[in-house]
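Scroll down for the structure; my scribbles are underneath it.
In this chain, numbering begins with 1 at the start of the sequence shown. Note that the coordinates shown come from a computational prediction; the quantities given were computed from them, not determined experimentally.
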Amino acid sequence: MPGLLLMLGLLGACEGGSGEDASARPAALEQGAQALSAHPYANEVEYGTTVAVRNPDAALGAPDGKAATLLSLLGTALVLDLGEPEVGHLEVHYQGVTVAVVTQVDFYGPGRDDYLGTGYLHLVGLDGRPRVSVVRNPRPLTPYRYVRVRGILGVYHVDAVKARGGNQNSCGDGSVGGTEACDDGNTQADDGCGADCQVEPGYSCQGTEPSVCSDLDECTLGTDDCSLDEVCVNTPGGYDCQGPQACELPYSICGTACVDLRLDDNHCGACDTVCGAPSLCARGGCVEVGDLRFLASWGREGDADLLVRTPTGKTVSFFNRGPSEATDFGLLAGDVARGQGPETVFWARGQTPPSGTYVVCLLAQGFDPPMGGTAPVDYTLRIRSNGQEVPPITGRLSAPPASFECTEDSEARIGTFTWQPSP
């Protein structure tokens, strides 16, 4: 469950302005936008900046390696004044991110309380190096002067912010235009969409506002050129051909593939040990599925966690895998930390699940690009009850989980199911 606390999604609803309605601005302001200031960096820290921001003045001026620190507190905000009205999207120069997250930036007009809209800030650098992300301004031709950078449940450092001006077809603005083949909202390389907004080798990019890029698994697709005595190991943007030593615990080499002997139904506990239906591989052994099973998978590569809350209020999850009294003897077959699942919670043959309503949640985190409104995660939930398959439940999660809880009110809830024993 790496880094879940840093993956706890978007903060609160956007604040509304107390000034004039931005939609009522004169057309002359729209038409004259490109004639505004040529000094686009913030030059003053404004009121509304919270005490949880350390060294806020370090975010002023051009990037210089000195940065304001936004701490891990809800409600943290850094409010910056660009000095004069600007137009276009906003560049945020940042560093220090260890887990990909999404937060928000609010735009305000020439009047400090004139709220114009909110854009998403995708923090994708996982190596601590200086990075640049482009926040799409929802009203790019309407002049703005103040920006409010939200905090997240984590720590990151803002070096500078810069208005991009009136050219809305520039690379990194999150909208494909001109000669761009993709635009993922930044100008970083090695994330699928390169610094020139062209698709990088070994990736596939979909969508235009913004593009969502995913790694192509050459090993699964069979497009690698590894020899028969080598193991193909997928890497971001490519693959490695390695010897048997490439498979490190908990993975083992079976034939020419690296497999997880704890979870693989075709190699359960040992190579070629097959768990035939209705059994599943759980903790390296074949366990026969009994009267109830929940199976969740998701639509793109990442780390998601299946939680099932029983009618008695107990939860089967990655931190309480069972089977025991603490899970009402339900069992999590395995914690899948990469790929598209599936994860399975079930009751083994001979164990009777409690009667009543079960709540099923999917904590989706550890995705790149990080999950957000423009990069959701599709899911499918399959339920087997008393030997019969229930029609699958499908849907889409658009925000990272806000807590570990799995209740009917949880944003991570993907379904409920009422179970009763067969007559």
Would you kindly say whether the two SG atoms, from [X] and from [Y], are closer than 2.5 Å?
| X | Y | value |
| --- | --- | --- |
| Cys268 | Cys286 | no |
| Cys205 | Cys213 | yes |
| Cys361 | Cys406 | yes |

Tell me whether [X] contacts the main-chain N or O of [Y] through its side chain, where contact means a donor paired with an acceptor under 3.5 Å.
| X | Y | answer |
| --- | --- | --- |
| Arg300 | Pro376 | yes |
| His89 | Arg164 | no |
| Ser211 | Asp183 | yes |
| Asn320 | Thr315 | yes |
| Ser410 | Arg413 | no |

Quiz prompt | Evaluation steps, side-chain contact (heavy atoms from CB on, under 4.5 Å), between Phe329 and Val316 | solution = CA-CA 9 Å; Phe329 294 96; Val316 189; over 6 Å; no
Practice problem: Only counting residues at least two apart or in another chain, list the ones meeting side-chain hydrogen bond (donor to acceptor under 3.5 Å, both in side chains) with Asp81. | Solution: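 So Asp81 forms a side-chain hydrogen bond (donor to acceptor under 3.5 Å, both in side chains) with Arg145.
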Under the rule for side chain to side chain contact (heavy atoms under 4.5 Å, CB included), what residues qualify as partners of [X], not counting sequence neighbours?
| X | answer |
| --- | --- |
| Ala62 | Tyr41 |
| Ala59 | Ala68, Leu78, Leu80, Val158 |
| Thr312 | Thr310, Lys314, Asp328, Pro354 |
| Val390 | Ile383, Ser385, Phe417 |

Please list, chain by chain and in numerical order, all residues satisfying salt bridge (charged side-chain N to carboxylate O under 4.0 Å, His left out) with [X], sequence neighbours excluded.
| X | value |
| --- | --- |
| Arg384 | Glu389 |
| Glu288 | Arg349 |
| Arg112 | Glu46 |

Practice problem: Any pair with a residue in residues 268-279 that passes salt bridge (charged side-chain N to carboxylate O under 4.0 Å, His left out), sequence neighbours left out, goes on the list, sorted by first then second residue, please. | Solution: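 For residues 268-279, and leaving out neighbouring residues, there are no salt bridge (charged side-chain N to carboxylate O under 4.0 Å, His left out) pairs at all.
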Practice problem: Can you tell me which residue pairs pass the salt bridge (charged side-chain N to carboxylate O under 4.0 Å, His left out) test with a partner in residues 396-407, sequence neighbours excluded? | Solution: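 Applying salt bridge (charged side-chain N to carboxylate O under 4.0 Å, His left out) to every pair that reaches into residues 396-407, excluding sequence neighbours, yields Asp378-Arg396.
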Quiz item: Of the non-hydrogen atoms in Pro63 and Asp159, which two are nearest, and what is the gap between them?
Solution: CA-OD1, 3.6 Å
Self-check item: Distance-minimising heavy-atom pair for Pro353 and Leu292
Solution: CG-CB, 3.8 Å
Exercise. Please list, chain by chain and in numerical order, all residues satisfying ring-ring contact (aromatic ring centres under 6.0 Å, His included) with Phe294, sequence neighbours excluded.
Key: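 Scan of Phe294 (ring-ring contact (aromatic ring centres under 6.0 Å, His included), adjacent residues dropped) gives Tyr358.
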Quiz item: Under the side-chain contact (heavy atoms from CB on, under 4.5 Å) criterion, do Arg150 and Arg148 qualify, and how do the steps go?
Solution: CA-CA 6 Å; Arg150 304 278 192 96; Arg148 179 175 179 261; 2.8 Å; yes
Quiz item: Is the ring centre of Tyr115 less than 6.0 Å from the ring centre of Tyr108?
Solution: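 Judged by ring-centre distance (under 6.0 Å), Tyr115 and Tyr108 do meet the cut-off.
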Quiz prompt | Residue pairs involving residues 52-67 (criterion side-chain hydrogen bond (donor to acceptor under 3.5 Å, both in side chains); sequence neighbours excluded) | solution =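 Found none.
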